[in-house]
**Q** 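Starting off with a structure, shown below.
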Amino acid sequence: MADEVNTEETNTDTETTDNQEQTATQDDKLTFTPKEFDSEVDKRIANALQTAKSKWDEEKQEEISNAEKLAKMSAAERKEAEDKAKQETLDKREKELNMREYRYEAKHQLEESGLPDSFVDMVLSEDAETTKNNIGAIKAEFDKAIEAAVNEKLKGNNPKAGGRTGALTKGEILKVADTVERQRLIAENINLFK
């Protein structure tokens with residue numbers, strides 16, 4: 001019981017700040033009391049039902065108007081209208097099938113190009129040639145971005161000549177067996193030999 005009172009007091013305190021922050025961003029986590037939650041759920045369900053009902057009513061009205069049109073037509077006109085409706089349905093199905101094929105082919109081309117298949121929606125278009133061109137363009141830009149990122153990561157201090165990081169002593173320089181290398185080191189560290 002005491003926990004419920006504390007929770008309600010906390011909710012009341014945070015509601016004012018939540019309302020202010022909620023207008024700025026919708027990413028904040030909301031806190032509801034059980035009554036508020038039930039109310040919000042009821043509102044959303046009612047809204048969804050109203051939207052679905054209006055959609056169903058529109059579809060039903062369209063079916064009724066189509067039926068009335070067909071009833072007023074002669075047998076030949078009715079047959080022609082039915083054939084036209086069937087052809088539109090077939091065209092729609094063919095377009096959906098083509099898009100599935102294009103999607104599959106685009107995923108395959110993306111994999112061959114070394115790109116993630118999650119890019120498929122970015123490159124998919126109404127025909128295969130445009131899709132192929134889109135994949136090529138994305139590949140080129142993706143490669144440029146990767147190269148730029150790699151070059152940025154590789155930037156840094158160049159190593160000093162000779163690959164040595166510490167200062168050499170006079171004795172170490174004199175122990176170098178290669179005459180050319182020894183002379184180069186003496187020239188670089190001439191202050192040791194004065």
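Note that the structure is a prediction, hence the values are computed from the model and not measured.
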**Q** Please enumerate all residues that pass side-chain hydrogen bond (donor to acceptor under 3.5 Å, both in side chains) together with Lys53, with sequence neighbours excluded.
**A**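 Scan of Lys53 (side-chain hydrogen bond (donor to acceptor under 3.5 Å, both in side chains), adjacent residues dropped) gives Asp57.
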
**Q** Residues two or more places apart in sequence or in another chain: which of them pass side-chain hydrogen bond (donor to acceptor under 3.5 Å, both in side chains) with Asp127?
**A**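 Once residues adjacent in sequence are excluded, the partners of Asp127 under the side-chain hydrogen bond (donor to acceptor under 3.5 Å, both in side chains) criterion are Thr130.
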
**Q** Look up atom CD in Gln87 and atom NZ in Lys84, then write down how far apart they are to the nearest 0.5 Å.
**A**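 Reported value, rounded in 0.5 Å steps: 11.0 Å.
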
**Q** Return the NZ to CG distance between Lys170 and Leu185, rounded to the nearest 0.5 Å.
**A**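 So the gap between those two atoms works out to 14.5 Å.
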
**Q** Taking only residues two or more places apart in sequence, or in another chain, which ones meet Asp143 in a salt bridge (Lys or Arg N to Asp or Glu O under 4.0 Å)?
**A**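 Lys139.
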
**Q** Working to the nearest 0.5 Å, report the span between CD of Glu129 and CG of Asn134.
**A**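 These two atoms lie 10.0 Å from each other.
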
**Q** Taking side chain to side chain contact (heavy atoms under 4.5 Å, CB included) as the definition, give me every residue that meets it alongside Glu94, ordered by chain and number, with sequence neighbours left out.
**A**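 Once residues adjacent in sequence are excluded, the partners of Glu94 under the side chain to side chain contact (heavy atoms under 4.5 Å, CB included) criterion are Asp91, Asn98.
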
**Q** Would Glu82 and Lys79 satisfy salt bridge (Lys or Arg N to Asp or Glu O under 4.0 Å), going step by step from the backbone distance to the final call?
**A** CA-CA 5 Å; Glu82 289 173 354; Lys79 173 115 173 88; over 6 Å; no

**Q** Pairs under 3.5 angstrom only: tabulate donor-acceptor contacts from the side chains of residues 103-120 to other protein residues two or more places apart or in another chain.
**A**
from	atom 1	to	atom 2	distance (Å)
Arg103	NH1	Asp121	OD1	3.2
Arg103	NH2	Asp121	OD1	2.7
Glu105	OE2	Gln109	NE2	3.4
His108	NE2	Glu112	OE2	2.8
Ser113	OG	Gln109	O	3.0

**Q** Pair up each side-chain donor or acceptor in residues 43-51 with any protein partner under 3.5 Å, not counting sequence neighbours, and list the distances.
**A**
from	atom 1	to	atom 2	distance (Å)
Arg44	NE	Glu40	OE2	2.9
Arg44	NH2	Glu40	OE2	3.3
Thr51	OG1	Asn47	O	2.9

**Q** List in chain and number order the residues that pass salt bridge (Lys or Arg N to Asp or Glu O under 4.0 Å) with Glu88, two or more places apart in sequence or in another chain; answer none if no residue qualifies.
**A**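 In terms of salt bridge (Lys or Arg N to Asp or Glu O under 4.0 Å), with neighbours along the sequence ignored, Glu88 is linked to no residue.
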
**Q** Less than 4.5 Å apart, any side-chain heavy atom of Leu174 and any of Phe193?
**A**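 SC-SC contact between Leu174 and Phe193 confirmed.
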
**Q** Once side-chain hydrogen bond (donor to acceptor under 3.5 Å, both in side chains) is applied, do any residues pair with Asp83, and if so which ones, sequence neighbours excluded?
**A**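 With sequence neighbours excluded, Asp83 shows a side-chain hydrogen bond (donor to acceptor under 3.5 Å, both in side chains) to no residue whatsoever.
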
**Q** May I ask you to check whether over 12 heavy atoms, not counting those of Glu96, lie within 6.0 Å of atom CD?
**A**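 Atom CD in Glu96 is packed in, count exceeds 12.
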
**Q** Less than 4.5 Å apart, side chain to side chain, heavy atoms only: is that true for Val176 and Glu172?
**A**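 They are not in contact (no side-chain heavy atoms under 4.5 Å apart), so the answer is no.
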
**Q** Would Val180 end up clustered with Ile173 when hydrophobic side chains under 4.5 Å apart are linked, directly or stepwise?
**A**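 The answer is no; the residues belong to distinct hydrophobic clusters.
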
**Q** Partners of Ser39 by side-chain hydrogen bond (donor to acceptor under 3.5 Å, both in side chains), sequence neighbours excluded?
**A**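 Result, side-chain hydrogen bond (donor to acceptor under 3.5 Å, both in side chains) vs Ser39: none returned.
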
**Q** Looking at residues at least two apart in the chain, or sitting in another chain, which of them share a side chain to side chain contact (heavy atoms under 4.5 Å, CB included) with Glu59?
**A**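 With neighbours one apart ignored, the set is Lys55, Trp56.
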
**Q** How is the hydrophobic cluster of Leu124 composed, in terms of its other members, when Ile, Leu, Val, Met, Phe, Trp and Tyr link through side-chain heavy atoms under 4.5 Å apart, directly or indirectly?
**A**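 In the cluster with Leu124 are Met99, Tyr102.
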
**Q** Is any side-chain heavy atom of Glu126 less than 4.5 Å from a side-chain heavy atom of Lys95?
**A**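 Contact flag for Glu126/Lys95 side chains = yes.
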
**Q** Using the side chain to side chain contact (heavy atoms under 4.5 Å, CB included) criterion, which residues pair with Glu80? Sequence neighbours excluded.
**A**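 If we apply the side chain to side chain contact (heavy atoms under 4.5 Å, CB included) test to Glu80, skipping adjacent residues, there are no hits.
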
